[in-house]
Amino acid sequence: MKQSSLAAFLGSKAKRPAVAAAVQASAPQDALQQKAESVPAKPSPKKRVRKSPAPEPAKTFQAEAGPKLKRLRKAGDTVQPAAPEGIEDDMAAAGLSGSRSPTPEAAPQAIASISSTQDADHTEAILTQAEDQKPSSGAVLASAVGTDDGAATTPSASEASETDEDDVLEIGEAAPKPKTKRASKGSKKENAAPKHKKARLKQGTLEGGQLDAESDGDGEGGKKKNPAKRPVLDSKVVGVGTKSLAEAAHHNTFDLSTLGTWQAGKPVPFAFLADAFEAIAQESGRLVITRLLVNAFRTVIALTPQDLLPVVYLCTGQIAPSHEGIELGIGDAILIKALSQATGKSDAILKQQLKESGDLGIVATKARSTQRTMFKMSALTVPFVFKTFRDIASMEGHKSQERKRELISKLLTSSKDNETGYIMRALQGKLRIGLAEQTVLVALAHAVLLQREVGNAKKAVDAGLANRLEEASQSVKQAYSQCPSYDDLIGTLLEHGLENLKDRVHFRAGIPVKPMLAKPTTGVSEVLNKFEDIEFTCEYKYDGQRAQVHLMENGKVSIYSRNAENDTSKFPDVVSVLPQLLRPGVTSAVLDCEVVAFDRGTQQIRPFQVLTTRARKDVKLEDVKVHVLLFAFDCLFLNGDVLVEKTLTERRKALESAIEPRQGVLQVATSKTSRDLAELEVFLDDSVAAGTEGLIVKTLDSTYEPSKRSSHWLKLKKDYMEGAGDTFDVVVIGAWHGEGKRTGVFGAFLLAIYDDDAEEYQAISKIGTGFSEVLLKELADSLREHIIDSPRSYYKFGKPEPHVWFDAQKVWEVKAADISISPKHQAALGLVEAGKGISIRFPRLVRVRDDKTAEQTTSPEQLADMYRNQAAVNHGKQAADD
DNA sequence: GGCCATTGCTCC
DNA sequence: GTTCGGC
DNA sequence: GCCGAACGAGCAATGGCC
């Protein structure tokens, strides 16, 4: 039987005793479950005792491990499924025993019931897997927390149980916080958890080489376990730092025999992926996370390369390239219903648990762990899970929600241990384990390079390796930026490796490029600082939506949104007119544009809010009501030539040569090249007066860097500047419980203004950004005393309603980019438009104002005046009045 | 057919 | 879209 | 500086329900 220790994910050669997987799904949740069900929603002031059940943002499902885990880890000296004594009982208690090791006789039915799509091979694999190959999540724990002498480095049993039994849990504290550093606070309990964390990190160092160990040049974790000497790092390698070099040294510790938990050619067990996620969730350093993922990818490449694509998709929370428009079409509401169907627990209870735990994954894990399964289920495989996701995405029409729910429910009942939570999170499209696209691309590059160069063998790491790894990352990132499709990228990587990747996966007309983005800056002086000796130019930042227009040689036109969604059918007007605006001899082009709403009568740009009222799908030319004007500002492709690696100066020339601008239809963005501070400030004011959001400042010699929020483009908006932009004084009247890293504190607040005449508080906006973690914690505490059971009769608000209502007391100053007419919020109701209130765009907290009373907020009249003075509105209005 | 909740998309 | 925080 | 993960308003489309 294979050692299935996932310590190997970390590159450690040490074989680690694995703890039975049931550990994590069974025992700990029982405790948690109890708590969850006996505890009302937090932060209720009355419930000082036991107010916050499962507060730490559990990035991993391991966080729930309680005292039993400790015990089991001690006992778990053998590799499962030969479960050590004691575990069986726990599993039985959790209703999981039946699902652990399906017997060959019992399983086929279950498999058949799951899917008719899995072939015989898969079925067989499922069975063997389930019997003896299931890597255990416990092993992950062992790898990250426990050790041979685990007792010394893991939280003591007493500590753990103390946490468990403590009646006065502070918000956010029962479980060790996996990732972010906890808000500093001095309570006794608060101290316990960091200790745990520290211990874990320390162990991590021993395991696989933690960052600090690497950077100091010698703390190499492998000291004991990994005697392989780090290569000399002083060689002259271009473009890579010591960290990368040190990191490269880890790659010869990859051990397929430890990681490969299934037979070559068989489908990748979903459990393998879940365990990899679990391992990643416990880390916060990017290098370590990347290495974990690299090792997982290498294993897949070595054993079942055809599953690499679904593995990668599941890692990114995607199910298809965005331009293909394939979407799951499910959200929390359907997921909760599916979970309810799968577990028999009521929606209400599950919703309540979501409020408390802040994570549907945890809710699902918990719900499953106490569930008794009727059948022995076959183990899930990655291709099966992925195919089910695609099936869900393909459903539409009558009863489609019910059918989706059915599939999800089946997935959930087929999942076990840590799989459940990750299925749930994958369906939500956010794994929240500190892993996203950029990291996946790097890991992919490394994995392919290493498998090609070294294969499964261990090889001394030469000094050039770090360099080649870095080059590989760049090349893969570039390829993906220019052709954002994992289908293309991975197909090519598997077939040809990294060689000539640039020539195989590259820009193609008809496939959207990741758009180049700009960074926020706080003022003209910051711009001048950043671009001290560099030539730059400024363009108006129009308030519309990004559009990448592809004009192809065959005459076809495609339009993509900023997120690479295909928006072609939304803009039939653009599709029909644009080919006429190409200069003679132009056969193909890709233009980067901003689309704004445009009033043809008055020849004026209209506000963003007008643009959003356009129909979205299958629009017919004759049905277009809101006309648009395109401001082109870049040209990425012209007559068969890819221009992204040309300078902006050259691309602008190409743009000019490509199109024949037409007033009110297609124009080139207004720009100015100057480095005079005063002149720039005037240009900025002009831009605002013209109804735009401000300026985009660009260096002239820079290439087009897709998807990077590059410092070659800077965003200059009035509302970024200190003392400029609209601010409002508002009072807090409600709040919502936070999710994820905001579990245990409020995640968002409902703000209101006071109407003196009506003597009422009118909701103006929700707010959820601008808060430090410390402040959120303080607010959770300080607002508690203002909680009221139900909203005052003199509160006017829309839906959805907050989880918690407050007595109007606390006044905050908030900033916003714009004021909008709101169908939802009640502020200044009817003052600017009958039956409608006012809200604000991009609200964020500036500061708490202890010097103001609840009745000293911005007034409805002030708000209405501000709206009427708003440049964009005024601009349109003036025009309309002509 | 109208109303509602949900979802995904735009601002990124 | 804005912002915070870890590395 | 990069990356990820919290959170905003508000629109149209979708599907369920009456």
Side-chain angles (χ1 to χ4, degrees), chain A residues 57 59 179-181 183 210-212 215 243 283-290 322 325 327-334 337 358 395-402 404 429-439 442 515 517-520 543-547 561-563 565 567 570 594-595 608-619 693 708-711 715 717 719-720 736 738-743 745-749 751 764-776 798-800 814-825 838-845:
Chain A
K59 190 187 162 203
K179 190 125 187 181
T180 50
K181 212 184 290 172
Q210 263 284 349
L211 290 188
D212 41 353
S215 43
K243 276 191 186 174
E283 297 296 333
S284 54
R286 192 137 314 280
L287 294 181
V288 179
I289 288 177
T290 305
S322 5
E327 272 139 24
L328 283 170
I330 52 174
D332 284 3
I334 290 179
K337 283 180 196 156
M395 291 173 172
E396 57 181 21
H398 188 58
K399 300 235 167 169
S400 61
Q401 291 190 356
E402 195 178 308
K404 285 180 180 185
K430 20 174 217 185
L431 291 176
R432 35 175 307 262
I433 56 174
L435 175 95
E437 195 158 273
Q438 296 308 307
T439 310
V442 171
L517 307 171
K519 291 213 147 128
D543 191 9
Q545 80 176 72
R546 193 90 175 250
S561 76
R562 178 214 143 99
N563 275 334
E565 302 285 331
D567 262 358
K570 179 178 174 180
E594 188 78 9
V595 184
F608 176 77
Q609 224 175 348
V610 173
L611 181 67
T612 63
T613 65
R614 268 185 74 118
R616 309 264 171 85
K617 285 188 170 176
D618 306 320
V619 180
E693 295 185 293
K708 265 199 214 161
R709 180 148 288 163
S710 147
S711 45
K715 223 181 330 187
K717 289 171 67 172
D719 64 284
Y720 293 162
W736 285 264
E739 295 191 10
K741 66 184 181 185
R742 298 219 177 143
T743 300
V745 294
F746 298 118
F749 302 87
L751 307 176
I764 178 172
S765 172
K766 275 174 83 179
I767 190 169
T769 192
F771 307 88
S772 68
E773 287 180 4
V774 171
L775 180 58
L776 283 174
K799 277 184 184 177
V814 302
K815 192 175 243 194
D818 261 328
I819 302 171
S820 55
I821 301 289
S822 174
K824 182 164 95 177
H825 295 291
I838 279 179
S839 188
I840 54 182
R841 182 146 79 131
F842 310 148
R844 62 267 196 188
L845 179 76

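Sequence lines set the chain letters: A, B, ... in the order given, protein chains first and strands last, and positions in each chain run from 1. Only this structure's heavy atoms are used, side chains among them; waters, hydrogens and symmetry mates stay out. Computed from a predicted structure; not experimentally measured.
Under 3.5 Å, the side chains of Q545(A) and D567(A) contain a donor-acceptor pair of N or O atoms.
Of the listed residues (T439(A), V442(A), I433(A)), just one forms a side chain to side chain contact (heavy atoms under 4.5 Å, CB included) with I289(A), and that residue is T439(A).
Distance alone, capped at 3.5 Å, places no donor-acceptor pair between the K570(A) side chain and the R614(A) backbone. Remark: the backbone N or O of I821(A) is paired with a side-chain donor or acceptor of Q609(A) at under 3.5 angstrom.
Under 4.0 angstrom from either OP1 or OP2 of dC7(C) there lies at least one side-chain N or O belonging to S284(A). Side-chain nitrogen and oxygen atoms of S772(A) include none within less than 4.0 Å of the OP1 or OP2 phosphate oxygen of dC4(C).
Looking at heavy-atom distances under 4.0 Å, K815(A) makes no contact with the nucleic acid at all. At a threshold of 4.0 angstrom between heavy atoms, the contacts of L611(A) with the nucleic acid are absent. Nucleic acid contact for L845(A): none, since no nucleic acid atom lies under 4.0 Å from a heavy atom of the residue. At a threshold of 4.0 angstrom between heavy atoms, the contacts of K717(A) are confined to the sugar-phosphate backbone, with no base atom among them. Within 4.0 Å (heavy atoms only), I821(A) reaches sugar-phosphate atoms of the nucleic acid but no base atom. Within the nucleic acid shown, D332(A) comes within 4.0 Å of sugar-phosphate atoms alone, with no base atom in reach, counting heavy atoms only.
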Once base and sugar-phosphate atoms are separated, protein heavy atoms under 4.0 Å mark nucleotides 12-18 of chain D, 5' to 3', with B, S and - as SSSSS--
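Between dT10(B), dG1(D), dA5(D), one nucleotide has an atom nearer to the side chain of R432(A) than all others, and that is dA5(D).
Nearest-nucleotide positions on DNA chain B place L328(A) closer to the 5' end than the other of E594(A) and L328(A). With DNA chain B read from its 5' end, the first of the two nearest nucleotides for K799(A) and I330(A) is the one closest to K799(A).
Nearest heavy-atom pair, F771(A) versus R742(A), reported as atom, atom and distance to 0.1 Å: O-NH2, 4.4 Å.
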